[in-house]
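The structure appears right after this line, and notes come after that.
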Amino acid sequence: MKTLVISGGSSGIGKATASLFAERGWRVFELSRRDVQGDKVQGAKGEIIHVTCDVTSEESTKAAIDAVLRQTDTIDVVISNAGFGISGPVEFTGMQDAARQMDVNFLGAVRFTQAVLPRLRQQGFGRIIYTSSVAAVLAVPYQSFYSASKAAINALALALANEVREFGISVSVMMPGDVSTGFTDARRKSAAGEEVYTHAAKAVNSMEKDERAGMQPVQMAKLFYHIATCRSPRPQYVGGFIYRVFCLLDRILPKRFVNWIEGTMYS
């Protein structure tokens, strides 16, 4: 039975991914802040075991991985999926909110990575997969800090891949487009500065409408499973055909033009 450790696995894409892997015979350790001890859910073939973890705490993250390693000798795949979003104009975003965004989405992934890497190195194999976002490539106005946190994940993954290749470890990112999950309602929206940035509220509402009409989480779970089991995973994947087209156009068209087009979509 192969082992998956996934952070942010209690809802949305993470929950769908944990369930899919368990259904396909994997032993899944689902890490999240839910205060549930010893929560074990049997899948059709595998199982899901909950471990409480707060990725903003180095101590909590390390303790969670130690708890996992008391129950398994090897970790085949790690998915760093914990995250949340904020919105609002850059000028009016408080430093505390911006720091929290980076702490959860980026530094949380770093803490998770640092906690699992010693075991992956020792065993000489493993795959690390990060949940990024199309917003890492096509930065979204009024979600600037979310976009920045995901762009940082992409850079981290590329650099890390070269550091750990000699230990038999691969690193990939999965960049979803719009997905219909509770992530939308959990977004921390700020109305500060909307009297100056008069398009902000409309832009955020438009984005959230697209998210609610977006793909189902199981589609992203299936892509995660492909990355986890294919022979030679690529560094980056985009979730959703239309979003793959958008990212391709971003590579071949002038950046100024692509950025202008995106700006007109939210004005």
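Cluster membership for L160 and V55, using ILVMFWY side-chain heavy atoms within less than 4.5 angstrom, is not shared. V204 and V90 are assigned to two separate hydrophobic clusters, defined by single-linkage of ILVMFWY side chains at heavy-atom distances under 4.5 Å. A single hydrophobic cluster is seen to contain both L120 and V68, as judged by linkage of ILVMFWY side chains at heavy-atom distances under 4.5 Å, directly or through other members. Both L253 and Y243 belong to a common hydrophobic cluster when Ile, Leu, Val, Met, Phe, Trp and Tyr are linked at side-chain heavy-atom distances under 4.5 angstrom.
Q71 places a side-chain N or O within donor-acceptor distance of the main-chain N or O of A67, the cut-off being under 3.5 Å. N81 places no side-chain N or O within donor-acceptor distance of the main-chain N or O of T131, the cut-off being under 3.5 Å. T113 contributes a side-chain N or O that, together with a main-chain N or O of A109, makes up a donor-acceptor pair within less than 3.5 Å. With hydrogens and angles disregarded, a donor-acceptor distance shorter than 3.5 Å links the side chain of R127 to the backbone of I227. Checking side-chain atoms of Q219 against main-chain N and O of Q216 turns up a donor-acceptor pair under 3.5 Å. Checking side-chain atoms of R33 against main-chain N and O of D54 turns up no donor-acceptor pair under 3.5 Å. Between the side chain of S7 and the backbone N or O of S80 there is no donor-acceptor pair closer than 3.5 Å. Put simply, the side chain of S19 never gets that close to the backbone of A16: no donor and acceptor are under 3.5 Å apart. Listed for the N205 side chain is a donor-acceptor partner under 3.5 Å among the backbone atoms of A201. The main-chain N or O of G46 is never found under 3.5 Å from a side-chain atom of R24 such that the two would form a donor-acceptor pair.
Within 6.0 Å of the CD atom in E195, the count of heavy atoms belonging to other residues, nucleotides or ligands exceeds 12. Heavy atoms from other residues, nucleotides or ligands lying under 6.0 Å from CZ of F167 number more than 12.
With rounding to the nearest 0.5 angstrom, the OG atom of S149 is 10.0 Å from the CD atom of Q143. Rounded to the nearest 0.5 Å, atoms OG1 (T72) and CG (L4) are 11.0 Å apart. Considering CE of M220 and CE of M215, their distance stands at 3.5 Å, rounded to 0.5 Å. For the atom pair NE2 (H50) and OG (S10), the distance works out to 7.5 Å, reported to the nearest 0.5 Å. With values rounded to the nearest 0.5 angstrom, D97 atom CG is found 13.5 Å from M102 atom CE. If you take NZ on K62 and CD on Q114, they are separated by 12.0 Å, rounding to the nearest 0.5 Å.
Under the 4.5 Å side-chain criterion, counting only non-hydrogen atoms from C-beta, L156 is in contact with F106. Put simply, the side chain of T56 reaches to within 4.5 Å of the side chain of R100, judged on heavy atoms. Side-chain contact between V5 and F112 is present, with at least one heavy-atom pair separated by less than 4.5 Å. Within the 4.5 Å cutoff, side-chain heavy atoms of V28 are placed close to those of I6. No side-chain heavy atom of K2 sits less than 4.5 Å from a side-chain heavy atom of V77. V171 is listed as a side-chain neighbour of Y130, based on a closest heavy-atom distance under 4.5 Å. Taking 4.5 Å as the limit, some side-chain heavy atom of P118 sits within range of a side-chain heavy atom of R121. Counting heavy atoms from C-beta on, the side chains of I75 and L69 come closer than 4.5 Å.
Listed here is the closest heavy atom pair of P217 and G12: CB-O, 3.8 Å. Between Q101 and F84, the shortest heavy-atom contact is NE2-O, 2.7 Å. Pairing each heavy atom of A228 with each of I129, the nearest pair is N-CD1, 4.1 Å. Annotation for T74 and Q123: closest pair CA-OE1, 3.4 Å, computed over non-hydrogen atoms.
A side-chain contact (heavy atoms from CB on, under 4.5 Å) with L31 is found for one member of V51, I49, T61 and no other, namely V51.
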* To do: Start with the C-alpha distance between E211 and T184, add both sets of side-chain angles, then the distance that settles side chain to side chain donor-acceptor pair (under 3.5 Å), and finish with yes or no.
  => CA-CA 7 Å; E211 289 172 350; T184 301; 2.7 Å; yes
* To do: Determine, step by step, whether Y237 and S172 satisfy the side chain to side chain contact (heavy atoms under 4.5 Å, CB included) criterion, reporting the C-alpha distance in whole Å, the side-chain angles of both residues, the deciding distance to 0.1 Å, and the verdict.
  => CA-CA 8 Å; Y237 293 80; S172 301; 4.3 Å; yes
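The pair R70-D66 does not count as a salt bridge, with every side-chain nitrogen at least 4.0 angstrom from each carboxylate oxygen. Ion pair R27/D76 not flagged as a salt bridge, since none of the NZ, NE, NH1 or NH2 atoms sits closer than 4.0 Å to an Asp/Glu carboxylate oxygen.
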